[in-house]
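Computed from heavy atoms alone, side chains included, the values below leave out hydrogens, waters and symmetry copies. In this text the structure is predicted, and so the values were computed from the model without any measurement.
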Amino acid sequence: MRQTEFTGSAGNVFAVLAVIAAALLAAAAAAGIIFLIRRARRMRRTGIMDEMEGHDFEYFCAGLLEKQGFLEVEVTRGSGDFGVDILAEKDGVTYAVQCKRYHGPVGVDAVLRTYAGRDYYECMVGAVMTNQYFTAPAVEAARKLKILLWDRGYLDEMMEE
């Protein structure tokens with residue numbers, strides 16, 4: 001009889017473990033599905049970003065900045081803008097932003113133009129926004145010149161908020 005009691009207790013433990021395992025598998029499956037849905041949405045949004053013309057991308061970026069609480073967001077004229085595509089303000093800080101819709105990594109030239117444009121427009125902060133990523137020399141120059149780099153990942157985060 002003692003052996004039967006032990007087997008019965010062990011059976012109950014295995015049943016509980018089976019229920020817990022099933023719940024964990026269901027939760028993992030749900031998390032996987034949610035991840036795939038979010039990834040598909042992100043790919044659809046970023047795919048649109050990759051298909052835009054340059055000036056359309058500037059207005060797209062201006063819209064993202066407005067959604068992030070930037071005020072007085074202004075897209076500059078197309079030529080002769082001294083490397084700045086958007087002027088904006090947030091929390092009393094003025095920004096000069098260059099937008100780069102590229103097919104490959106953004107190089108140091110964008111950082112240098114933004115640095116010059118920031119000073120030309122007398123802004124406090126310079127930033128480069130892109131649908132891509134930055135080269136190592138661009139990252140190093142931005143660090144030294146104190147230029148913000150907002151890459152594809154950062155824009156993805158802005159779009160999700």
Side-chain angles (χ1 to χ4, degrees), residues 22-161:
L24 289 174
L25 284 173
I33 291 169
I34 291 169
F35 171 79
L36 290 174
I37 290 170
R38 286 183 178 165
R39 183 174 178 206
R41 286 180 182 163
R42 185 179 310 121
M43 293 298 284
R44 188 171 42 244
R45 285 191 306 256
T46 57
I48 292 168
M49 190 170 48
D50 292 337
E51 300 300 319
M52 293 179 183
E53 295 295 326
H55 206 58
D56 293 334
F57 182 66
E58 293 169 7
Y59 280 97
F60 172 79
C61 290
L64 284 177
L65 293 175
E66 287 174 340
K67 288 180 182 178
Q68 294 297 313
F70 283 79
L71 306 172
E72 300 179 33
V73 178
E74 173 192 343
V75 176
T76 63
R77 63 183 187 270
S79 61
D81 58 14
F82 297 93
V84 172
D85 299 310
I86 300 171
L87 297 170
E89 182 267 326
K90 184 173 184 180
D91 300 327
V93 177
T94 55
Y95 290 76
V97 181
Q98 184 174 135
C99 303
K100 291 294 183 190
R101 198 216 38 86
Y102 276 12
H103 294 290
V106 177
V108 71
D109 187 58
V111 174
L112 298 176
R113 288 179 181 266
T114 303
Y115 177 73
R118 176 188 66 191
D119 288 353
Y120 179 83
Y121 286 103
E122 298 178 349
C123 291
M124 299 170 175
V125 176
V128 182
M129 293 179 82
T130 183
N131 66 319
Q132 294 296 326
Y133 295 95
F134 295 93
T135 64
V139 171
E140 180 64 19
R143 185 185 63 76
K144 288 185 177 183
L145 299 173
K146 297 177 177 42
I147 299 295
L148 300 176
L149 299 180
W150 295 338
D151 64 14
R152 181 180 202 95
Y154 190 76
L155 268 62
D156 283 346
E157 290 175 17
M158 291 174 93
M159 286 187 285
E160 287 182 9
E161 290 182 10

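Within the 4.5 Å cutoff, the side chain of Leu112 has no heavy atoms near those of the Ile147 side chain. At a threshold of 4.5 Å between non-hydrogen side-chain atoms, the residues Phe60 and Asp56 do not count as touching. Using a 4.5 Å heavy-atom cutoff, the side chains of Val128 and Phe134 are in contact. Taking the side chain as every heavy atom from C-beta outward, Phe57 and Asn131 approach each other to under 4.5 Å.
With hydrogens and angles disregarded, a donor-acceptor distance shorter than 3.5 Å links the side chain of Asp151 to the backbone of Gly153. In terms of modelled atom types and a separation under 3.5 Å, the side chain of Thr76 and the main chain of Asp85 share a donor-acceptor contact. In terms of modelled atom types and a separation under 3.5 Å, the side chain of Thr94 and the main chain of Met124 share a donor-acceptor contact. Listed for the Glu72 side chain is no donor-acceptor partner under 3.5 Å among the backbone atoms of Glu89.
Atoms CE and CG, from Met158 and Leu155 in turn, are 6.0 Å apart once rounded to the nearest 0.5 Å. Rounding to the nearest 0.5 Å places CE of Met129 at 5.0 Å from CG of Leu64.
Between Cys61 and Cys99, the closest heavy-atom pair is CB-SG, 3.7 Å. Among all heavy-atom pairs drawn from Thr135 and Pro105, the shortest one is CG2-CB, 3.7 Å. What you find for Lys146 and Arg118 is that their closest heavy atoms are O-NH1, 3.2 Å. Residue Ala62 comes nearest to Val75 through the heavy atom pair CB-CG2, 3.8 Å, listed as atom of the first residue, atom of the second, then distance. Shown here for Ala88 and Val73, the closest heavy-atom pair between the two residues is CB-CG2, 4.0 Å.
Remark: Arg113 engages Asp109 in a salt bridge (charged side-chain N to carboxylate O under 4.0 Å, His left out) (not counting sequence neighbours). The side-chain contact (heavy atoms from CB on, under 4.5 Å) search around Ala127 returns Val97, Leu148, Trp150, not counting sequence neighbours.
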**OP:** Assess whether side chain to side chain contact (heavy atoms under 4.5 Å, CB included) is satisfied between Leu145 and Thr114, documenting all intermediate values.
**Re:** CA-CA 10 Å; Leu145 299 173; Thr114 303; over 6 Å; no

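Within a 6.0 Å sphere centred on OH of Tyr95, heavy atoms belonging to other residues, nucleotides or ligands number more than 12.
Residue Gln132 forms a side-chain contact (heavy atoms from CB on, under 4.5 Å) with just one option from Arg101, Arg152, Lys100, and that option is Arg152.
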